[in-house]
Amino acid sequence: MFSVTRDFVRGCHIPMLVQPGDDPPHPAYVGEEVAKIAPNIEVMRPWKGPEYLPAAITRVTDFLDRNTPPGHTRRAA
């Protein structure tokens, strides 16, 4: 929550998928707080590391497939 207020996060109904970080630029407490206050959120834990990569790719792809508005396309990375 470096660029928006907590009130903004509470009022944001856009679907979010949070993968809480664990390094200085992405502290875990920020992801955990967003997970607690955002109204339309999914959280993926654990996700970081080579053993989680296939599951993380599947989870992100499924999230985008479910939440991409009709008539829009998402570009493959």
Lys/Arg N to Asp/Glu carboxylate O, Arg10 vs Asp7, below 4.0 Å: yes

Heavy-atom closest contact (Ile37 atom, Arg6 atom, distance): CD1-O, 3.8 Å

Considering all heavy atoms, the nearest Val43-Ala35 contact: CG2-CB, 3.4 Å

Val34 vs Met16 side-chain heavy atoms within contact, under 4.5 Å: yes

Taking every non-hydrogen atom, the tightest pair across His13 and Asn40: O-ND2, 3.1 Å

Worked check of side chain to side chain contact (heavy atoms under 4.5 Å, CB included) between Lys48 and Asp23: CA-CA 11 Å; Lys48 199 171 188 179; Asp23 55 2; 4.0 Å; yes

Steps toward side chain to side chain contact (heavy atoms under 4.5 Å, CB included) verdict (Arg45, Gln19): CA-CA 7 Å; Arg45 308 181 190 86; Gln19 296 171 308; over 6 Å; no

Donor-acceptor contact below 3.5 Å, side chain Asp22 vs main chain Ala28: no

From CD1 (Ile57) to OH (Tyr52), nearest 0.5 Å: 15.0 Å

Side-chain donor or acceptor of Trp47 paired with backbone N/O of Pro20 under 3.5 Å: yes

Close side-chain approach of Ile41 and Val18, heavy atoms under 4.5 Å: yes

Straight-line distance of Asp62 CG to Asn67 CG, nearest 0.5 Å: 10.5 Å

